[in-house]
Amino acid sequence: MAERRFGIGYALAPKKQKSFIQESLVSLAKSRGIDLIKIDTERPLVDQGPFDCVLHKLYGEDWKKQLQQFQVQNPNATIIDSPEAIERLHNRISMLQVVSELKTENQSETFGIPKQIVIYDKETLFDRQAWESLKFPVIAKPLVADGSAKSHKMSLIFNHDGFNKLKPPIVLQEFVNHGGVIFKVYVVGDYVKCVKRKSLPDYSEEKLKGLEGSLSFSQVSNLATNERINENYYEMMHLEDIQLPPQSLITDIARGLRKAMKLNLFNFDVIRDTRIGNRYLVIDINYFPGYAKMPCYETVLTDFFWDIVNKTDGEVFEGTSEEKARSVPCKEEGKMESDICCNDGEEVIEGKPQLTNM
Ligand SMILES: Nc1ncnc2c1ncn2[C@@H]1O[C@H](COP(=O)(O)OP(=O)(O)OP(=O)(O)O)[C@@H](O)[C@H]1O
Ligand SMILES: O=P(O)(O)O[C@H]1[C@H](OP(=O)(O)O)[C@@H](OP(=O)(O)O)[C@@H](O)[C@@H](O)[C@@H]1OP(=O)(O)O
Ligand SMILES: [Mg+2]
Ligand SMILES: [Mg+2]
């Protein structure tokens, strides 16, 4: 009998398609009976297929309707992930609200989110009462996180003069000193991987005194090596010497988030508060992040696809309480690597932050 093959349709923006749909992923999936098929976004989704699964990161009401129609006509197909569930991540307040609602049994460390407020208009921005509970410096982030370049444009604000150029709606979030390193936690179904990336430097009280207004920056951890500031700071920092957060804490948060958000493909950024040491803060959650930067992404994603099309995990979207830790061969690191591997996470990108005066 001929081998049963499965089709996974993908609908991704050109940039995402280029980074994610690599030949190495396509061929590994193919060898396991899974064909990755590009969805033509110029044509109705319902006219395409058959697909056992649709993988997507597109925005807009029309796309949402198309997915709904497709699901009605193909009730056995799986849509990764539900557009309604993804939408929570398009707003930086609802995005982090879910973290505040999480409960874990971990005793020795605590986690949460930085203190933040949302400002919808200019009047409120200049109303001292609105933000006086926040301590400088603060980061101003666009409220909307819709994948546009604009939604990644942030400012570090050192005093109230720095508010002048801000354009609400924005979230004002306290900047927390964290030793210049962030932990990016990639989630793919029940798989969790934590890696280190360079982040913004700490600000001492002393340093703050000499600063005026604000500094703007964008996509700190994605910058190329030739984009850099404060050379000494980054030359002095050795990511390999920095300890990862405890694996149990990271997996608890990852699984809690997955279950609460009903999402399978996301990552979240975590910082360690240097004042407290065992306090961790989640500062950002992204849908369908840059998985190709994650070690062994082909194997991890192919395993995930296989589980979905074979429906090995009845609760693949909502998470299970007893998720299994499997082992996958990791070609990049030339060794077997545990699926739930947070202790050996390492820097995978040589990004260096760039700050520009506003
Ligand atoms: N509250 C905070 N305290 C300290 N540093 C922060 C804080 N919030 C953000 N940062 C720094 O700013 C960077 C960008 O912030 P954030 O991750 O929210 O933006 P983003 O554009 O959504 O990023 P991504 O590219 O991961 O989607 C973080 O990676 C971190 O270096
Ligand atoms: O490719 P996309 O446009 O989806 O960009 C995403 C980017 O992945 P990339 O590395 O493939 O650029 C992600 O990087 P990592 O967190 O993994 O470092 C992260 O910055 C997301 O926030 C971006 O999604 P957006 O917020 O813009 O929707
Ligand atoms: Mg981020
Ligand atoms: Mg983000």
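Being a predicted model, the structure only gives us computed values, none of them experimental. Note that ligands are numbered from 1 as they come in the structure, with each ligand's atoms numbered from 1 the same way.
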Which atoms of ligand 2 sit under 4.0 Å from any heavy atom of [X]?
X: Tyr59; result: 28 (O)
X: Lys15; result: 1 (O), 2 (P), 3 (O), 5 (O), 12 (O)
X: Pro289; result: 8 (O), 17 (O)
X: Arg197; result: 18 (O)
X: Lys184; result: 15 (P), 16 (O), 18 (O)
X: Asn267; result: 15 (P), 16 (O), 17 (O)
X: Lys16; result: 1 (O), 2 (P), 4 (O), 8 (O), 11 (O)

If you measure from the Lys or Arg side-chain nitrogens to the Asp or Glu carboxylate oxygens, is any gap between [X] and [Y] under 4.0 Å?
X: Asp52; Y: Arg4; result: yes
X: Arg43; Y: Asp40; result: yes
X: Lys135; Y: Glu205; result: yes
X: Asp284; Y: Lys141; result: no
X: Arg5; Y: Asp35; result: yes
X: Arg32; Y: Asp303; result: yes

Aromatic centroids of His90 and Tyr59 separated by under 6.0 Å |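 Here the rings of His90 and Tyr59 have centres that are less than 6.0 Å from each other.
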Determine whether the aromatic ring centres of Phe51 and Phe6 lie less than 6.0 Å apart.
->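 Centroid distance Phe51-Phe6: not below 6.0 Å, so no.
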Are Phe158 and Leu200 linked, directly or through other ILVMFWY residues, by side chains that come within less than 4.5 angstrom of each other?
->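 Yes.
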[X] N/O under 3.5 Å from ligand 2 N/O:
X: Tyr287; answer: no
X: Gly290; answer: yes
X: Asp146; answer: no

Under-4.0 Å heavy-atom contact with ligand 2, by part of Asp284 that carries it = neither
Just say parallel, tilted or perpendicular for the rings of Phe163 and Trp131, cut-offs at 30° and 60°.
-> perpendicular
Considering just N/O/S atoms, say which atom of Asp284 is closest to the Mg ion (ligand 3).
->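 The atom in question is OD2.
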Taking a cutoff of less than 4.0 Å between a non-hydrogen atom of the residue and any ligand atom, is [X] in contact with ligand 2?
X: Met294; result: no
X: Tyr186; result: yes
X: Ser19; result: yes

State whether the side chain of His178 and the backbone N or O of Thr274 hold a donor-acceptor pair below 3.5 Å, judged by distance alone.
-> no
So, is Asp269 placed with an N/O/S atom under 2.8 Å from the Mg ion (ligand 4), counting both backbone and side chain?
-> no
Output yes if Asn286 passes the N/O/S-under-2.8 Å test against the Mg ion (ligand 4); output no otherwise.
-> yes
